[in-house]
Amino acid sequence: MSKGYDHHAIESKWQAYWEQQRPFKASEDLSKPKFYCLDMFPYPSGSGLHVGHLEGYTATDIVSRYKRMRGFNVLHPMGWDAFGLPAEQYAVKTGIHPAITTAENIATFKRQMKRVGLSYDWERELSTTDPQYYRWTQWIFLKLFERRLAYVAEVPVNWCPALGTVLANEEIIDGKSEVGGFDVIRKPMRQWVLKITAYADRLLEDLKLVDWPPSTLEMQKNWIGRSIGAEVDFVLADRKGVIRVFTTRPDTLFGATYMVLAPEHPLVDVVASEEQKAVVQTYRETAAKKSDLQRQELDKEKTGVFTGGYAVNPVNDERLPIWIADYVLMSYGTGAIMAVPAHDERDWAFARRYDLPIREVISGGNVQQTAFTDTDCDRVVNSTTSDGSFSIDGLTPSEAIPKITEWLAKQGKGTRAVNYKLRDWLFARQRYWGEPFPVLWVGGEARPLPEEQLPLVLPETDNFKPSGTGESPLANLDAWLTTIDPATRQPARRETNTMPQWAGSCWYYLRFIDPKNSTQLVDPIKERYWMPVDLYIGGSEHAVLHLLYARFWHKVLFDIGVTSAPEPFLKLVHQGIVLGEDNQKMSKSRGNVVNPDEMIDQFGADAVRLYEMFMGPLEAMKPWSTRGAEGVTRFLERVWRLMVDEQGRLSTAIVSTAPSLDHQRLLHHTIKKVTEDIEALRFNTAISQMMIFTNEMTKAPQRSRSVIEPFVLLLSPFAPHLAEELWGVLGHQPSVSQQSWPIFDPAMTVSERLTIPIQVNGRLRAKLDVAVDTSRDAIERLARAEAAEWLQEKEPKKVIYVEKKLLNFVI
RNA sequence: GCGAGAGUGGCGGAACUGGCAGACGCGCGAGACUUAGGAUCUCGUGGGCAACCGUGGGGGUUCAAGUCCCCCCUCUCGCACCA
């Protein structure tokens, strides 16, 4: 049997070498240029690594290996986002402590990552569940609390009376509990909330500083949902009180014909007349029973009832009937609107249904037929006060908006206002497997735990079932629960909520910089050196929440001087979803899941890495193809045979003599292409070029070392095990990772002959093979001869010559 | 409905600022070496007999359009009564 390319032997050999030599450690020498290359760290689930994970991890690994060879000090770490619901649910079912499950899963993930040859600096490994880590998560919470960015509010939770527990959104399917299928209702409970809205403007503004995919930027902007308009006060007609509304269209104020309060609005009771009280009450109760899902149902006919009350339009003193309707949400703006049916689709539909007047105040549409919402080209009409002292008639809406806003402000009836869709962040979970809050309750007041008492360690228990009161399982642990407040020496009860999974992932990139620091979250000198993250790769499912929460915490940490850069992640890329061979999403039920371990057994880690990158553009969604993996395996075998003979020795085709000019050019072109493609994360085309190189060299009976050796280096970030082995076969000491990245000579990337396509009227008619320095005249003369058949002896009207590119006769 | 991205051979996909459409790989076909080939190597492979036709469809700009402009269709992702 011949000694072919044995990926099993080669890969385990070099993995053992890396394990021992640790060549991927980030250096503490802070004088070198740095590159921080980060993956979104995974939740270590029971099912192990997925080929989708591997796509992103391979991409960052190639960049990291490449950057090291370019002389950068590279920080490429990995850790575990290990708190979370699945381990806890498993514990409830089996009684096995989540810490045990988590440790096992981490071991699996780590083993798989090492098998793929990912060049992480494992000395920086961290887990969010480690008290030495979550000590600092708790510390950040104390800072948020100190700055009044963490507060307690009554917030509705998903309460399942049958199960006696609070449920996470993920545990509810179609309004029923996932377990048992019981009803779930909304019930207000005391909750910790983080004031992310205080950072809304900066979170929006600073998106200008980052290089992120447009869709992700857009999603963040929409989530923050900033809109500029005015708040306007409408005085109640027959009672004391004021309804304040938010509107983005104060220019349509003269067109308001009724008002709407959200059913939960506190003024409803004040406004409702005696005769209407009963209907109003019924409507409110129906609305309250509806789930969010039902209330948001599309195409639903709008409903509402008249309250019997009236308010006064501040611009014309008109009496406007006040309605309640569930199309107005208590959670946005002021929970009340002025309705302008002529120029708002929702108000128009509602007015039609309940026969309310529609008054046109912007010309250009037919408001009896449909709402006219354009603001670009048309004019304001019917908008002058009865005494004529104020008018916006004749202006365009965009001119009218500032004018009327200013006027309202002068009259004390309104003000310019900015509104956000972004809500404060509900930060508490009624769970065991999360970070405990460093908070004590003393006489109904929340008191922070002193910093010296951190970490507040999650207490041991074997009962992971919920307490039955809606509190977390921690409420069952009396010995842990009751304590003494160190400040006042009074009896205290610990906070029983834990933090959501997002908490640990909000700042882990900072801890990788200085993972063992026991006195600080991160050393400021190291932080200034390493931050921001230069390249961050992970799934687009985190486009909003994780990335928004992390940016929020980062900005708070920036404000207290822990971080030095305004934004944490400079460049962000989402790897595309890897579909099954059937072009469907991979799922156990479809049976189309590709197991990375099996693929590595069959083809080897290098082939799997290479195929992951060769499938297509990193960001695109694309199907897995085992045939395709075979294809790149053939490529690696060809590379092997380029240098190694059948006895496993250096091939006699490898020579020390100078290469041909063609081979030199091919090499330099390949260096250029691979280098530029890695920089632009176009790994698929980099691999194509290496295939072209290999195909050419396979044909050559003599392969010069001076072209083969640089090629092995180019291949090394992609197929590191094979590259190390070949480097050894070529007679060099390990490791390729210590070699410098090859440099191309621009002079060598241009060839001495050119093919000039000859067109007649833009159609390709001939091709000319000429020396690069052939003059235009000479080319044209040759071209006329070549294209004579098509020119038909006519003199072309025009001859277009693009330098070294093309020649086109126009006849 | 709104927003973002995308539509190229039998398949995955190339084509940097408008300049040879289909690189590279898969699949397929032929040949070579072989007792043998599901190994390896070489050659071929968008359609059409041809003139020609071809980058979702229809217009346009240009000497020249996958690439730029206008209209439309389809798919993916996100948001969805946000006043």
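None of the values given here were measured: they were computed from a predicted structure. Labels below follow one simple rule: chain letters A, B, ... track the order of the sequence lines, proteins then strands, and each chain is numbered from 1.
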In Watson-Crick or G-U wobble terms, with both distances under 3.5 Å, the base opposite B:rG54 is none
As its Watson-Crick or G-U partner within any shown strand, both distances under 3.5 Å, B:rA4 has B:rU76
Subject >> Lys/Arg N to Asp/Glu carboxylate O, A:R753 vs A:D769, below 4.0 Å >> reply: yes
**OP:** In whole angstrom, give me the gap between the C1' atoms of B:rC71 and B:rG78.
**Re:** 26 Å
Re B:rC16: Watson-Crick or G-U wobble partner, both distances kept under 3.5 Å, found to be none
In sequence, state the C-alpha distance, the side-chain angles, and the governing distance for A:E581 and A:T626, and then conclude on side-chain hydrogen bond (donor to acceptor under 3.5 Å, both in side chains).
CA-CA 8 Å; A:E581 299 227 35; A:T626 300; 2.6 Å; yes
Note to self: Would you measure the distance from the P atom in B:rG25 across to the matching atom in B:rC63 and give it in whole Å?
What the structure shows: 39 Å
query = Would you say the base of B:rC81 and the side-chain of A:K302 have a donor-acceptor pair closer than 3.5 Å?
reply = yes
Practice prompt. Would you classify A:N684 as touching base, sugar-phosphate or nothing, given that sugar-phosphate means primed atoms plus P, OP1 and OP2, and contacts are heavy atoms under 4.0 Å?
Written response: sugar-phosphate
When rounded to whole Å, the CG to P distance for the pair A:L768 and B:rG19 reads 20 Å
- Query: Is the shortest distance from a Lys or Arg side-chain nitrogen in A:R359 or A:E318 to a carboxylate oxygen in the other one below 4.0 Å?
  - Reply: yes
Between CG of A:D251 and C1' of B:rA83 the distance, given in whole Å, is 13 Å
Rounded to whole Å, CG of A:D677 lies from P of B:rG13 at a distance of 17 Å
OP1 or OP2 of B:rA83 less than 4.0 angstrom from a side-chain nitrogen or oxygen of A:S227, does that happen here? yes
Please give the distance between the C1' atoms of B:rA14 and B:rC26 as a whole number of Å. 15 Å
| request: For A:R765, answer base if it contacts any base atom (sugar-phosphate contacts may also be present), sugar-phosphate if it contacts only those atoms, and nothing otherwise; contact means non-hydrogen atoms under 4.0 Å. | output: sugar-phosphate
Among B:rA4, B:rA23, B:rC20, the one nearest any side-chain atom of A:I692 is B:rA23
Under a 3.5 Å limit on both distances, the Watson-Crick or wobble mate of B:rU40 is B:rA32
Rounded to whole Å, CE of A:M691 lies from C1' of B:rG12 at a distance of 12 Å
- Query: For A:T247, which contact category applies under a 4.0 Å heavy-atom criterion: base, sugar-phosphate, or nothing?
  - Reply: sugar-phosphate
Checking B:rC20, B:rU40, B:rC24 against the side chain of A:T755 (C-beta onward), the nearest is B:rC20
Of the candidates B:rG19, B:rG27, B:rG13, the side chain of A:E630 sits closest to B:rG27
Please report the distance separating the P of B:rC69 from the corresponding atom of B:rA80, rounded so that it comes out in whole Å.
31 Å
* Under-4.0 Å side-chain N/O to phosphate OP1/OP2 contact, A:N695 with B:rG25 -> yes
From the candidates B:rA4, B:rG13, B:rC20, the one with an atom nearest any side-chain atom of A:P214 is B:rA4
Phosphate OP1/OP2 of B:rA21 contacted by A:R763 side-chain N/O (<4.0 Å): no
RNA chain B nearest-nucleotide lookup for A:G335 and A:Q759: closer to the 5′ end is A:Q759
A:E218 CD to B:rU76 P, in whole Å, measures 21 Å
Touch check for A:S688, heavy atoms < 4.0 angstrom, all strands: base, sugar-phosphate only, or nothing? base
Comparing nearest nucleotides in RNA chain B, the 5'-proximal residue of the pair A:T685, A:I756 is A:T685
Task: Integer angstrom distance from the P of B:rU17 to that of B:rG66 - done: 15 Å
Counting any heavy atom closer than 4.0 Å, what does A:G225 reach on the DNA or RNA strands: base, sugar-phosphate only, or nothing?
-> nothing
Closest of B:rG19, B:rC41, B:rG27 to the A:R638 side chain is B:rC41
Using a cut-off of 4.0 Å on non-hydrogen atoms, how would the nucleic acid contact of A:I800 be classed: base, sugar-phosphate, or nothing? base
- Contact class for A:P617 (heavy atom, under 4.0 Å): base, sugar-phosphate, or nothing? sugar-phosphate
Checklist entry - Is a salt bridge present between A:K622 and A:E55, judged by a nitrogen-to-oxygen distance below 4.0 Å? => result yes
Scan A:K421 against the nucleic acid and name what it touches under 4.0 Å (heavy atoms): base, sugar-phosphate only, or nothing. base
**Asked** Under the 6.0 Å and 45° cation-pi test, does A:K302 pair with A:Y327?
**Response** yes
Can you tell me how far P in B:rG19 sits from the matching atom in B:rC2, rounded to whole Å?
33 Å
Of the listed B:rG78, B:rG12, B:rU76, the closest approach to the A:K622 side chain comes from B:rG12
Given the side-chain rings of A:Y611 and A:W624, with only the six-membered ring counted for Trp, is the space between their centroids under 6.0 Å?
yes
Practice task
Taking atom C1' in both B:rA6 and B:rG12, compute the distance separating them and give it to the nearest angstrom.
Solution key: 16 Å
- Task: Kindly indicate whether the side chain of A:V312, heavy atoms from C-beta on, has any atom under 4.5 Å from the side chain of A:F234.
- Result: no
A:R634 has its side chain closest, among B:rA4, B:rC43, B:rA39, to B:rA39
Rounded to the nearest 0.5 angstrom, the CZ-CD distance for A:F372 and A:E360 is 8.5 Å
- Considering only atom C1', compute the distance from B:rU67 to B:rA30 and round it to an integer number of Å. 37 Å
note: A:M615, atom CE; B:rG12, atom P; distance rounded to Å ~ 13 Å
Testing B:rC81, B:rC24, B:rC79 for proximity to the side chain of A:W223, the answer is B:rC79
message: Can you classify the ring geometry of A:F711 versus A:F693 as parallel (below 30°), tilted (30 to 60°) or perpendicular (above 60°)?
response: parallel
Looking across every strand, which nucleic acid part, if any, lies under 4.0 Å from A:D347 by heavy atom: base, sugar-phosphate, or nothing?
nothing
Rounded to the nearest 0.5 angstrom, the CE-OG distance for A:M615 and A:S625 is 9.5 Å
Glycosidic torsion of B:rG9 (syn if within 90° of 0, anti otherwise) classifies it as syn
Looking only at B:rC81, B:rG12, B:rC63, the nucleotide nearest the A:P623 side chain is B:rG12
* Donor-acceptor pair (no angle test) under 3.5 Å: A:K767 side chain, B:rC20 base -> yes
Here the distance between atom P of B:rA4 and atom CD of A:Q220, to the nearest Å, is 16 Å
Looking for any heavy atom pair under 4.0 Å, which part of the strands does A:E345 touch: base, sugar-phosphate only, or nothing?
nothing
Looking only at B:rG19, B:rC63, B:rA39, the nucleotide nearest the A:V802 side chain is B:rG19
Partner of B:rU67 under the Watson-Crick or G-U wobble criteria, both distances under 3.5 Å, comes out as none
When rounded to whole Å, the CG to P distance for the pair A:L764 and B:rA65 reads 13 Å
